[in-house]
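These numbers were taken from a predicted model, which means no experiment stands behind them. Computed from heavy atoms alone, side chains included, the values below leave out hydrogens, waters and symmetry copies.
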Amino acid sequence: RGSIAAFLFTYPDGDLSQPAIKLRKVGGSSLACVDDPESGPRFGADGFHAPLLDSRSTEADGTERIARCKLGPYYERRADGSNSIFAPGESNTGTYLTDLKVSTHRTRSRM
């Protein structure tokens, strides 16, 4: 789904007692959020990906909690130049998620 109004939030140092930082969608509205039923939601082609349990799997093996992130082409980088929403010391290529919150807005269609 495309939307120039899309955004991600991050706590760049991992301190949840501090205000979150909003990272806006850049580069047009395309690929703001891709809902891939086989691999989970993607924000940008490679911006943030949180894989879900593969529908072909019979049980969780832990890989469904490993998220990846590379900001830049689809979502703005942080003010410090980092291209990740993860805290220092966490890997852009695979960080274990303990919590994921997703907010959406449902619109009413008019007939």
Give me each pair satisfying ring pair (Phe, Tyr, Trp, His ring centres under 6.0 Å) with a member in residues 15-40, each pair once, sequence neighbours excluded.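 Output for this query is empty, none listed.
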
Flag, side chain of Lys25 to backbone of Leu8, donor-acceptor distance under 3.5 Å: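 No, the answer is negative, given that no donor and acceptor are paired below the 3.5 Å cut-off.
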
Main-chain N/O of Ala32 paired with Tyr75 side-chain donor or acceptor, under 3.5 Å: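 A pair under 3.5 Å: yes.
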
Mind checking what makes side chain to side chain contact (heavy atoms under 4.5 Å, CB included) contact with Thr95, not counting sequence neighbours?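 Once residues adjacent in sequence are excluded, the partners of Thr95 under the side chain to side chain contact (heavy atoms under 4.5 Å, CB included) criterion are Phe86, Glu90, Ser91.
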
Counterpart residues, side chain to side chain contact (heavy atoms under 4.5 Å, CB included), relative to Arg24 (two or more places apart):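 Per chain and number, Arg24 pairs via side chain to side chain contact (heavy atoms under 4.5 Å, CB included) with Glu76.
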
Could you state whether Ile4 and Phe48 fall into the same hydrophobic cluster, counting links through intermediate Ile, Leu, Val, Met, Phe, Trp or Tyr residues with side-chain heavy atoms under 4.5 angstrom apart?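 Different hydrophobic clusters.
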
Linked, directly or transitively: Val34 and Ile85 (ILVMFWY side chains, under 4.5 Å):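 Same cluster.
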
Can you tell me which residue pairs pass the salt bridge (Lys or Arg N to Asp or Glu O under 4.0 Å) test with a partner in residues 77-86, sequence neighbours excluded?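 Salt bridge (Lys or Arg N to Asp or Glu O under 4.0 Å) check on residues 77-86 returns Arg78-Asp80.
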
Non-neighbouring partners of Phe9 that pass ring-ring contact (aromatic ring centres under 6.0 Å, His included), sequence neighbours left out: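 If we apply the ring-ring contact (aromatic ring centres under 6.0 Å, His included) test to Phe9, skipping adjacent residues, the hits are Phe7.
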
Heavy-atom pair with the smallest gap, counting every atom of Ala50 and Leu97: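 Scanning both residues completely, I find the closest heavy atoms to be CB-CD1, 4.1 Å.
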
For Gly47 versus Cys69, what's the shortest heavy-atom pair and its separation?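 Looking at all heavy atoms of both residues, the closest pair is O-SG, 3.0 Å.
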
Go through the structure and list residues passing salt bridge (Lys or Arg N to Asp or Glu O under 4.0 Å) with Asp15, not counting sequence neighbours.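 Per chain and number, Asp15 pairs via salt bridge (Lys or Arg N to Asp or Glu O under 4.0 Å) with no residue.
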
Could you measure the distance from the CG atom of Leu23 to the CG atom of Asn83? Nearest 0.5 Å is fine.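 One finds 11.0 Å between CG of Leu23 and CG of Asn83.
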
